[in-house]
Structures are given as structure tokens and as C-alpha cells.
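Okay, structure first, notes after.
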Amino acid sequence: SNGLALQFASETLKDDEEVVWCAVNQDPAALSFSTFQANKAFLIRCAKGGCYSTLDFADRGLTSDKNFALSLLSVDVATLEHLSEGLRRDCEILLH
């Protein structure tokens, strides 16, 4: 299956967490076709599931948010590479 098929799905399916979860696990870019780009809980779920690349398609405001970044880093330090450049240079983030 191809997660990018989500782009052709109904708005109801694009707003269904389990459908989007399956799609991003097949292709992280599928997040761009969903309503979950700024959903913190969903993105943390992706990180917990090891689907870090999904963060590359997340709302830029979130990947620049220090509190959200600290939440992600508490899940897995590998999420660091998917945060904004500014946060990747932030001493507090790096020392976390």
C-alpha cells in the first residue's frame, strides 16, 4: 500500500487518526495530506513509534516550539535532527 494515497481520500479519512497513522507509517509525507500536521499528541505518537521523518512534514511552528521539542526529545533524542535549525543550536535543547 502507498500512504500517499491519502491525498485522494475524503476529508473524513484525512481527519481519522488511525487512517493517517497507517498512511504515515507507509510514507511520512502522507502527513501533508492530513489534518494532523499541528497535532502535538499525534506527532509524539509518531516519534514513539519510530516514525521520526513524519516531523519533517509537521507544522513549522511546532518544530520550532521549545516545549514541544523537549517533549519529543524525552521520547527519543533521534528527533533532534527533525527540529528547526534554531532549536538544534539551542543549548537547553542540546543539554536535554
Side-chain angles (χ1 to χ4, degrees):
S1 252
N2 184 346
L4 292 179
L6 187 63
Q7 67 186 302
F8 304 109
S10 69
E11 293 306 311
T12 302
L13 291 177
K14 291 177 183 180
D15 196 36
D16 183 298
E17 183 170 345
E18 292 310 309
V19 170
V20 176
W21 172 250
C22 290
V24 299
N25 275 286
Q26 292 172 8
D27 190 322
L31 184 69
S32 4
F33 304 108
S34 77
T35 60
F36 289 89
Q37 294 171 329
N39 184 310
K40 291 179 184 181
F42 183 78
L43 294 168
I44 289 172
R45 178 183 178 190
C46 290
K48 285 180 178 177
C51 195
Y52 313 121
S53 296
T54 302
L55 297 169
D56 294 335
F57 303 94
D59 180 89
R60 291 294 118 210
L62 276 184
T63 56
S64 298
D65 178 276
K66 187 180 273 192
N67 290 328
F68 180 64
L70 291 170
S71 296
L72 285 173
L73 291 171
S74 70
V75 170
D76 194 320
V77 72
T79 59
L80 179 64
E81 72 178 275
H82 302 282
L83 299 175
S84 71
E85 187 175 337
L87 285 179
R88 289 193 310 262
R89 295 183 191 163
D90 185 293
C91 288
E92 183 182 351
I93 295 292
L94 295 174
L95 296 173
H96 180 72

Quick one: list whatever passes side chain to side chain donor-acceptor pair (under 3.5 Å) with [X], sequence neighbours left out.
X: Thr79; answer: none
X: Asp90; answer: Lys66
X: Asn25; answer: none

Original post:
Closest approach of Ser84 and Ser64, non-hydrogen atoms and distance?
Top reply: CB-OG, 3.3 Å

Subject >> Heavy-atom pair of closest approach, residues Leu4 and Asn2 >> reply: N-OD1, 2.8 Å

Subject >> Any pair counted as salt bridge (charged side-chain N to carboxylate O under 4.0 Å, His left out), so long as it reaches residues 20-29, sequence neighbours left out >> reply: none

Subject >> Residue pairs passing the salt bridge (charged side-chain N to carboxylate O under 4.0 Å, His left out) test where at least one lies in residues 51-61, sequence neighbours excluded >> reply: none

Original post:
Say you draw a straight line from NE2 of His82 to CZ of Phe57; how long is it, rounded to the nearest 0.5 Å?
Top reply: 10.0 Å

Taking side chain as C-beta onward, heavy atoms only, is [X] less than 4.5 Å from [Y]?
X: Thr63; Y: Leu87; result: no
X: Leu80; Y: Leu72; result: no
X: Glu92; Y: Leu95; result: no

Original post:
Within the side chain of Arg88, is there an N or O that forms a donor-acceptor pair under 3.5 Å with the backbone of Leu83?
Top reply: yes

Subject >> Which residues share a salt bridge (charged side-chain N to carboxylate O under 4.0 Å, His left out) with Arg89, sequence neighbours left out >> reply: Glu85

What pairs with [X] under side chain to side chain contact (heavy atoms under 4.5 Å, CB included), at least two apart in sequence or on another chain?
X: Thr12; answer: Ser10
X: Lys40; answer: Leu62, Phe68
X: Glu81; answer: none

Original post:
Which pairs pass side-chain hydrogen bond (donor to acceptor under 3.5 Å, both in side chains) with one or both residues in residues 43-53, sequence neighbours excluded?
Top reply: Glu17-Arg45, Glu18-Arg45, Tyr52-Asp76

**OP:** For residues 28-38, pull every pair meeting side-chain hydrogen bond (donor to acceptor under 3.5 Å, both in side chains), keeping only residues two or more places apart or in separate chains.
**Re:** Asp15-Thr35

**OP:** For Phe42, check ring-ring contact (aromatic ring centres under 6.0 Å, His included) against everything at least two apart and list the hits.
**Re:** Phe36

**OP:** Report the C-alpha distance between Ser71 and Ile44 in whole Å, list the side-chain angles of each, state the deciding distance to 0.1 Å, and finish with yes or no for side-chain contact (heavy atoms from CB on, under 4.5 Å).
**Re:** CA-CA 8 Å; Ser71 296; Ile44 289 172; 3.9 Å; yes

**OP:** From the options Val24, Asp16, Val20, Leu31, select the one residue that forms a side-chain contact (heavy atoms from CB on, under 4.5 Å) with Leu6.
**Re:** Val20

